[in-house]
Amino acid sequence: ASPPPGGGSPPRDYQQLYFNVRRKPLVVHDVTVKGDDRTRPGLFDKVLAPIYRASSLDELRVRCLEANAILNAYDIFDKVDILCDAGPAAAPDSASVVVEVSEKNKLNVKGGAYVSRAGEGSAEFSAGLNNAFGFAEKLELEVVRGHERSSTYGFAWAQPRVGGADADVTARAFQQVSCSKRLSSFDETSRGASVTAVGGGPAQLEYQLVFREIADPTRLASKAIRHQLGHSLKSSLAYSYVVDTRDAPTRPSAGALYRFRSELAGIGADPQMTRFFKQEAEAQVARSPADGVTIAASAKLGALFPLGEQARKKGTCVADRFFLGGVGSLRGFDTHGVGPSDERRPPKDAEAAKAAGVLSRDAIGGDIVASLFVSAQVEPTWRKLRDVGAYGHAFVNAGTLVPSPLGEAGRAGGAPADLKALADSARVSLGVGLVFPLPVGNIEVNYVKTARRGRLDRTKEGLQVGLATALAF
């Protein structure tokens with residue numbers, strides 16, 4: 001190669017130089033950490049110890065990349081830089097490693113306002129401490145208040161990579177009030193604790209010990225809801241498994257999402273505690289046959305089975321059951337407007353209650369649920385809609401919700417006797433609309449018609465606006 005103009009030395013090919021010496025034996029002389037103001041030295045010792053075992057430049061590179069990935073996985077640093085250089089002149093064939101980190105802010109505060117699928121508005125505030133004691137732990141205090149009676153108070157301790165393993169553990173103590181008085185005439189108050197473990201794969205394991213109370217704040221609850229009132233103890237173990245190959249979480253054009261969840265309640269010696277087995281399976285598939293056109297399909301199956309003779313006689317708890325209806329569930333129907341229901345007590349002033357929109361029946365949920373959603377999605381021609389990510393869709397939505405044949409309602413004839421009867425109980429709707437994707441879900445503005453419905457279902461034909469937060473149904 002000809003020398004560069006001016007007679008200077010030719011530029012160095014650092015990649016070639018690395019390949020020439022990458023297998024040359026070396027030892028790591030020292031590893032220095034900078035920027036560790038709050039983080040304990042023991043955390044770095046565990047992560048950086050493999051670097052000392054590197055015996056060549058190539059192995060040192062791999063060890064440093066692995067250490068960088070682990071330090072970033074703790075999620076307590078804004079930046080992690082690792083620099084390898086030659087060791088001191090007194091130690092030939094050695095290397096010095098410098099790890100420079102920038103720790104995240106210790107205090108983390110956030111808040112917001114939300115609207116639940118049941119239509120209740122709420123305000124949320126949370127304050128957390130990152131790496132408070134130097135072990136990469138995260139402490140969070142959460143307060144949520146709804147405009148009706150719903151509320152949540154919780155304290156969580158999250159510890160990443162427990163014992164140096166690829167497992168994150170979160171312990172949480174909480175008190176939660178879920179208000180369902182508008183749709184089902186009951187409130188559920190839960191006080192308890194949970195422990196969740198998440199590994200490096202798609203699985204999650206959670207244990208809950210919860211003391212629950214079902215109350216009637218309306219004094220108008222139906223007989224089915226009054227039968228549920230009182231206290232119960234729930235000790236459960238849940239296993240979740242998620243596989244997601246979609247190219248985007250909000251509007252995928254390719255790939256699939258599969259989610260499975262199994263829950264076993266009744267772990268313990270107390271014969272009075274809640275006992276059931278609950279299985280859920282959800283799936284979403286998307287394909288793009290042409291530019292700007294996507295065909296998407298979603299499905300959900302769920303089953304809740306009481307365990308033991310006493311549980312079968314009493315039936316499942318309304319707080320554990322499935323509900324169906326509303327945008328993001330079964331379009332063309334009101335929220336929780338599909339499936340088993342029971343007549344409420346008559347109010348003192350029937351005319352005032354009717355004017356206030358008080359429902360005459362309680363949604364009591366079901367033990368077996370199935371739903372299907374198929375849509376053809378197209379990009380709008382109006383540029384302003386495309387710029388905000390909106391798209392149009394035409395869809396068919398179907399679903400059914402019934403009691404378990406093993407429970408009291410099933411033995412009394414409230415549940416279908418076979419698959420044909422289950423299919424005959426299906427509801428179907430179809431429509432068109434606009435979808436506006438958001439980080440928390442999709443806002444849908446639809447025009448819907450119901451093709452099949454039950455005699456006591458609450459429908460929402462015509463214009464229906466709502467937030468779809470789970471999959472596409």
Taking the side chain from [X] and the backbone from [Y], do they hold a donor-acceptor pair closer than 3.5 Å?
X	Y	result
Asp367	Pro403	no
Asp362	Ser222	yes
Gln228	Ala224	no

Interatomic spacing from [atom1] in [X] to [atom2] in [Y] - rounded to 0.5 Å:
X	Y	atom1	atom2	result
Asp247	Ser253	CG	OG	3.5 Å
Leu257	Gln284	CG	CD	6.0 Å
Glu188	Cys179	CD	SG	11.5 Å
Ile364	Ser341	CD1	OG	6.5 Å

With sequence neighbours left out, what residues match [X] under side-chain contact (heavy atoms from CB on, under 4.5 Å)?
X	result
Ser360	none
Thr450	Phe333, Ser429, Arg453, Thr459, Glu461
Glu124	Tyr114, Glu142, Val144

Presence of salt bridge, Arg259 and Glu280, under 4.0 angstrom | no

Basic-acidic side-chain contact under 4.0 Å: Asp166, Arg161 |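 A salt bridge is present here (some side-chain N lies under 4.0 Å from a carboxylate O).
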
Which salt bridge (Lys or Arg N to Asp or Glu O under 4.0 Å) pairs, counting each pair once, include a residue from [range], with sequence neighbours left out?
range	value
residues 427-436	Arg427-Asp457
residues 214-230	none
residues 290-299	none

Hey, can you tell me if Tyr239 and Tyr241 have their rings parallel, tilted or perpendicular (30° and 60° cut-offs)?
->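 The arrangement is parallel - the two ring planes meet at less than 30°.
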
Apply ring pair (Phe, Tyr, Trp, His ring centres under 6.0 Å) to Phe211 and list each qualifying residue two or more places apart in sequence or on a separate chain.
->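 For Phe211, the residues satisfying ring pair (Phe, Tyr, Trp, His ring centres under 6.0 Å) (neighbours in sequence not counted) are His231.
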
Check Gln279, Glu263, Lys278 against Leu304 for a side chain to side chain contact (heavy atoms under 4.5 Å, CB included) and give me the one that passes.
->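 Going through Gln279, Glu263, Lys278 one by one, the side chain to side chain contact (heavy atoms under 4.5 Å, CB included) with Leu304 is satisfied by Lys278 alone.
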
Does the side chain of Asn446 come within less than 4.5 Å of His393's, by heavy atoms?
->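 Of all side-chain heavy-atom pairs linking Asn446 with His393, at least one is under 4.5 Å.
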
Side-chain contact, heavy-atom cut-off 4.5 Å: Thr39 with Ile76?
-> yes

Hey, is NZ on Lys234 packed in by over 12 heavy atoms from elsewhere, all under 6.0 Å?
-> yes

Qualifying residues under salt bridge (Lys or Arg N to Asp or Glu O under 4.0 Å), relative to Arg38, sequence neighbours excluded | Glu103

Output all residues satisfying salt bridge (Lys or Arg N to Asp or Glu O under 4.0 Å) with Glu140, sequence neighbours left out; order by chain, then residue number.
-> none

Ring-face cation contact, Phe395 with Arg331, 6.0 Å cut, 45° max =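 Verdict for Phe395: a cation-pi partner in Arg331.
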
Compile the donor-acceptor pairs under 3.5 Å between side chains in residues 198-208 and protein atoms, sequence neighbours left out, one pair per line.
from   : atom 1 : to     : atom 2 : distance (Å)
Tyr207 : OH     : Ser235 : OG     : 2.8

Would you list the atom pairs, donor with acceptor, under 3.5 Å between side chains in residues 373-383 and any protein atom, with sequence neighbours excluded?
from   : atom 1 : to     : atom 2 : distance (Å)
Ser375 : OG     : Gln377 : NE2    : 3.4
Gln377 : OE1    : Arg251 : NE     : 3.4

Apply side-chain contact (heavy atoms from CB on, under 4.5 Å) to Leu467 and Phe436, showing your working.
-> CA-CA 9 Å; Leu467 178 67; Phe436 299 86; over 6 Å; no

Side chains of Ser190 and Arg212: donor-acceptor distance under 3.5 Å anywhere?
->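 Checked: Ser190/Arg212 side chains show no N/O donor-acceptor pair below 3.5 Å.
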
State whether a side-chain donor-acceptor pair under 3.5 Å links Asp187 with Ser180.
-> no

Identify each donor-acceptor pair in which a side-chain atom of residues 64-74 lies under 3.5 Å from a protein atom, sequence neighbours left out, and give them as a table.
from  : atom 1 : to    : atom 2 : distance (Å)
Asn68 : OD1    : Asn72 : ND2    : 2.7
Asn68 : ND2    : Val80 : O      : 3.2
Asn72 : ND2    : Asn68 : O      : 2.9

